[in-house]
Protein chains: 4
Amino acid sequence: MTDSRQPDSTRRSERSRRAIYEAALALVGEIGYAKTTIEGIAARAGVGKQTIYRWWPSKAAVLLEAFLDLAEQAAQGETEIPDTGDLAADLRLVLRATVDEMNSPAYDAPARALAAESVVSPELAGQFVHKLLEPQLQLYVKRLRAAQETGEVRTGIDLRIALELFTGPLAHRWLLRTLPLTHEYADEIVDYALNGLAPRP
Amino acid sequence: MTDSRQPDSTRRSERSRRAIYEAALALVGEIGYAKTTIEGIAARAGVGKQTIYRWWPSKAAVLLEAFLDLAEQAAQGETEIPDTGDLAADLRLVLRATVDEMNSPAYDAPARALAAESVVSPELAGQFVHKLLEPQLQLYVKRLRAAQETGEVRTGIDLRIALELFTGPLAHRWLLRTLPLTHEYADEIVDYALNGLAPRP
Amino acid sequence: MTDSRQPDSTRRSERSRRAIYEAALALVGEIGYAKTTIEGIAARAGVGKQTIYRWWPSKAAVLLEAFLDLAEQAAQGETEIPDTGDLAADLRLVLRATVDEMNSPAYDAPARALAAESVVSPELAGQFVHKLLEPQLQLYVKRLRAAQETGEVRTGIDLRIALELFTGPLAHRWLLRTLPLTHEYADEIVDYALNGLAPRP
Amino acid sequence: MTDSRQPDSTRRSERSRRAIYEAALALVGEIGYAKTTIEGIAARAGVGKQTIYRWWPSKAAVLLEAFLDLAEQAAQGETEIPDTGDLAADLRLVLRATVDEMNSPAYDAPARALAAESVVSPELAGQFVHKLLEPQLQLYVKRLRAAQETGEVRTGIDLRIALELFTGPLAHRWLLRTLPLTHEYADEIVDYALNGLAPRP
DNA sequence: TAGTAACCGAGACGGTACGTCCCGTCTTCTG
DNA sequence: CAGAAGACGGGACGTACCGTCTCGGTTACTA
């Protein structure tokens, strides 16, 4: 009945885990994801390679956890889209913040790396979406539902689809760098998209 | 005047080039981009490794050219978004076709690989966007401009931004596999987005 | 004090070392030194290339050690030139044995390869001479010194030079294959050379 | 009746041949034989690779011809061992000259390279011995025969063997760099060896 | 309080692929 | 048609990492 080859996580070294997170994020920031190696992370963290292989299945998994850990620390409190009663204003605020985040190097490098890996690896994508992306998208659903109740958004709209009118364009510009990501762009997107969701006259 | 160490392209072997394209696309389709190696492409194409290194700077560059070549052959004629006078219908048609393409394995594998690499490599992204993506997006600009003239789209709209309301959401779902890409989804996107671009009452 | 990037030799795999010796000697015997490659040795030994590069600086160094190992096993006991009281007879015996050795394929191939490399590489020559050749030559010095004491060789002779009258000609014929190496030739050399070392009448 | 794949040597470019000789000797002197490549010789000589492959079968063959050409120019006239009536003096002179030659870099590099290749390649060795070495050794035979007639060397001696008492030791020291090659050493060798060839009292 | 089981840093190991260098052949164009 | 130039298929180089595997050493729970 017993068995399984999993190690005993109660004896896990917290110190090593944190060192690995830091080394992984630092290396991805400094030399990029492709040139970051497990050996490099281990060396930088002052850790044996086996300690990484024991707890993570891949380089991408290490980075995902490191990034989640980072995001968790960063997101202390601000886990809601504000509701001032003015939907357009609220969305502009959030989308502008997103634009700023995407333009900040500390966030950009690891997030891009994870996104790129996710594009190509369904397993990682699943984790990435489930643990990071979807929870954030659900915040939009929640805010849009509130707006639906106040009549700012017409009934019959599929909110899970509607939110993609806001996030999709931003993500697209960010991922493929087609054109610059600016506050003005964010505002414009909010303007056009919101118009599409408004009640028909 | 300049110089540069480029080889003499007039003496290039056409046979080798085509064999490399085919090998690259086949391998990416069969075993995935990550497991596709330059040695593997060379072996499959019956070509020396140096012949690849002589003409391309990286695995991604090979695949990009191979994919462009493929796209060029595929896109014989259909280089326009139809204009039946009914913008919504025309866009639904195009977006449904795009959905089908994204769901077809032959297109999916190399396109994903290139997109993933582009996310992480600005150089490749530049090529990818300039040679493949932007020309396609300009077709939307053209069609939307026609619609603007017939009054289906209100004046003052930035069409280069507007088109992203259609393509952004699709791209997002495709890249990160958040939710299934269906014709219904495409229709919904057209519905919501077009509403946002319509003349104000 | 120093440092150096040498690996930890206490953890070295004895099994791999022996396999590499055997593979190297076998390949040199079968296909010749020039066609023997490090990749080939590694493959034949069932070993990673890095395991060779970790412990040896070059193909020649591998072969030298393999050959030394072989010579060590072969030379169990016979580490002296016999002293029957008859110098000429003793030298004939030794030189005939040397001739036989040089004519035996198992010895010939690796020994030639090492000699050839030594001709061209002072570093290897140093090792080759110090570890293999000079110890053997000192046996001649010892035997000749005994002969000097019995009056068979005249005083005032530099024995380190004298021995070269015996070994030099043999080596020359062997290395450049000018003429066949026979027992009769060895006897003749002993005859002429010993005459030159005998006390003046 | 015609045939054979040999090119027409009457149309051969003398200019190219000389440039190849010079490039080969220069490269062997500067970077060593092992690092000298046919491509490198061609580039340095300003010659196409095919021009080398057309006329020579191997790198070693090029160098051999280049060296023979060099030796031919150097040996204008002095094609004899002097005969002053004093055999010992004559041999000391020749052996000292040989020592000097072996110690001169211009001679040393290509000669070592050819010797090393010859050790390992019977074909080249044949050429090397037949065209370069044996003619020189025959000069010793001639001089020793003269000495035999004057009674300085005893009858019954095989002169082709006898000469190796002089040249063998020198060659040995030179090839394997066991000990320094000096005039004193040459004198000693002449002394010991000649004693061995002298008529028995 | 000793024994022992596991994680840990370290790094050697059998491998795969890298990107480079040359090999010897072949092809194209020039004198 | 020899020769300069150099692209080609091929193979080995020496390096970098992969993921697995021992090897002491150091904890931290059991007997």
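All heavy atoms count here, side chains included; hydrogens, waters and symmetry mates do not. In what follows, every chain begins at residue 1, and chains take the letters A, B, ... in the order their sequences are listed.
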- Take the C1' atoms of the five end pairs on each side of the helix from E:dT1-F:dA31 to E:dG31-F:dC1, get both axes, and report the angle to 10 degrees. 0°
- Query: So, D:R112 side chain and C:V120 main chain: donor-acceptor pair closer than 3.5 Å or not?
  - Reply: no
- Query: On the ring face of C:F67, is C:K131 found with NZ or CZ under 6.0 Å from the centre and within 45° of the axis?
  - Reply: no
- Message: On the six-membered ring of C:W55, is C:R17 placed so that its NZ or CZ lies under 6.0 angstrom from the centre and within 45° of the ring axis?
- Response: no
- Note on the structure: note: C:K35, atom NZ; E:dG24, atom P; distance rounded to Å ~ 11 Å
- Query: What is the distance from atom CD1 of D:I20 to atom OG1 of D:T51, rounded to the nearest 0.5 Å?
  - Reply: 6.0 Å
- Task: May I have the distance from B:I20 (atom CD1) to F:dG9 (atom C1'), rounded to whole angstrom?
- Result: 11 Å
- Message: Please check this pair: side chain of C:K59 against backbone of C:I41, looking for a donor-acceptor N/O pair closer than 3.5 Å.
- Response: no
- Query: Can you name the closest pair of heavy atoms from A:R44 and A:L27 and give their distance?
  - Reply: NH1-CD2, 3.8 Å
- Nearest heavy atoms of D:R18 and D:D69, plus distance in Å: NH2-OD2, 2.7 Å
- Query: Is the CZ atom of B:R54 crowded by more than 12 outside heavy atoms at less than 6.0 Å?
  - Reply: yes
- Task: For B:I41 and F:dG10, give me the distance from atom CD1 to atom P, rounded to whole Å.
- Result: 16 Å
- Would you mind reading off the distance between C:I38 atom CD1 and F:dG11 atom C1', rounded to a whole angstrom? 14 Å
- Nearest whole angstrom, please: distance from the P of F:dC8 to the CD1 of B:I52. 11 Å
- Message: Output one letter per nucleotide in nucleotides 2-7 of chain F: B when a protein non-hydrogen atom lies under 4.0 Å from the base, S when only the sugar-phosphate is that close, - when neither is.
- Response: SBBBBB
- Message: I need the OH-P distance between A:Y53 and E:dG11, as an integer number of Å.
- Response: 16 Å
- Message: I need the CZ-C1' distance between A:R17 and E:dG9, as an integer number of Å.
- Response: 19 Å
